[in-house]
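Since the structure comes first, as structure tokens, the remarks are kept for the end.
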Amino acid sequence: MENFFGLTLSNLEAQIGALGKEKYRARQLFRWVYNLGNLDFSEMTNIPKGLRTIFGEMFSLKTLPISQALSSRDGSIKFAFVADDGQIIESVLMPEKKRTTLCVSTQIGCRMGCRFCVTGKMGFRRNLNAAEIVGQLITVREHLKKTEKGPVTNIVFMGMGEPMDNIDNVMTALDILKDPGGLDLSYRKITLSSVGLLDGLRALDSKSAVIAISLNAADDATRSMLMPINRLYSIGKIMEFVRDFKGTKRTRITFEYILIKGVNDSLDDAKKLADLLKDIKCKINLIPYNASSYTEFETPERAQVDRFHKHLIDRYFTTIIRDSRGQDVCGACGQLGMGYLESAPDKGDTPRKKRTTSPEVTS
Ligand code: SF4
């Protein structure tokens with residue numbers, strides 16, 4: 001049985017067409033499942049009963065089993081889902097005043113090895129398929145039906161994994177999320193965060209999603225130390241890509257900058273960053289790092305964060321400080337998965353220290 005959440009509308013039309021049935025049935029299914037939120041074929045009353053039975057035998061509408069849903073004091077919820085092979089998939093729901101954002105994962109583990117990141121320490125397990133990516137949203141949506149919380153309005157691909165390292169499944173998931181006959185999410189409501197895998201990013205266009213690049217340093221030595229991928233895709237190459245990127249008038253690339261004490265948080269670093277981005281239409285998100293016993297890095301002083309921020313504002317950059325959400329429930333990517341690995345040491349592939357302090361934030 002095929003997982004429905006991994007099928008684009010055209011995949012579905014092709015499968016229904018191959019049965020000798022009307023292709024518009026695919027649109028009806030998309031509307032029932034994504035638009036009306038009905039996950040029971042037998043209730044899709046504008047489809048003939050016999051066909052509903054056939055669809056029920058062909059497609060699965062099973063959501064991801066939730067093994068944990070940890071609510072944070074700040075209102076965010078960290079979910080751990082169990083995939084069919086027993087691996088843990090993480091998402092974080094972040095309600096705000098005007099929107100509710102779901103941060104989804106695209107891989108289990110990650111091969112980018114960013115030194116500040118818990119997921120990076122896990123190593124790479126596997127890519128998520130499109131059904132598992134879309135399934136995170138559908139499962140959370142079902143969960144929210146039982147609560148007072150509003151619907152998910154925005155999606156960020158910033159959970160476990162590097163989206164551009166799993167580009168085919170991510171593109172399929174984007175197609176499904178944006179389909180006007182289904183969830184109909186505008187590309188402006190979807191942010192795709194990348195360390196800067198340029199081959200993947202070049203395959204995107206300005207209407208694929210909002211692009212966020214995890215920069216974290218304005219010089220190659222610091223960035224390569226924090227993010228080994230910088231040896232392949234240096235800051236210079238990323239800037240070249242950003243300058244060439246054909247966006248709409250409103251398109252602005254977002255740069256994420258995790259501030260780490262004594263590593264990249266000085267006023268000098270702020271000046272270098274401002275110089276680097278001075279002719280680029282962009283937005284900067286500053287994310288103060290949360291120390292974790294999984295890594296050697298420390299949280300920056302608040303006064304230092306404010307100084308860094310002020311310098312960028314004084315240089316007319318749109319800059320916000322994004323404090324990480326759900327710190328009391330392991331809100332950063334990889335932390336729940338890491339917890340599972342600690343209780344199942346045969347699955348771990350990197351030596352780990354016991355956590356003694358609050359978790360950290362990752363891109
Ligand atoms: S920060 Fe993102 S890309 Fe880097 S190791 Fe972590 S999950 Fe992978």
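These numbers come from the heavy atoms of this one structure, side chains and all, not from hydrogens, waters or symmetry mates. The structure displayed is predicted, hence computed values, not measured ones. Indexing begins at 1, ligand by ligand and atom by atom, following the structure's order.
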Are Y233 and F241 an aromatic pair by the rule of ring centers under 6.0 Å? no
Numbering as shown, the atoms of ligand 1 that approach G161 to under 4.0 Å (heavy-atom distance): 7 (S)
Between atom 4 (Fe) of ligand 1 and C114, is there an N, O or S atom separated by less than 2.8 Å? yes
Within the 4.0 Å heavy-atom shell around V195, which atoms of ligand 1 are there? 3 (S)
Once the angle between the rings of Y289 and F297 is folded into 0 to 90°, is it parallel (under 30°), tilted (30 to 60°) or perpendicular (over 60°)? perpendicular
Side chains of L273 and F317, heavy atoms from C-beta outward: is any pair under 4.5 Å? no
Less than 3.5 Å apart, any donor N or O on the side chain of S193 or E256 sitting next to an acceptor on the other? yes
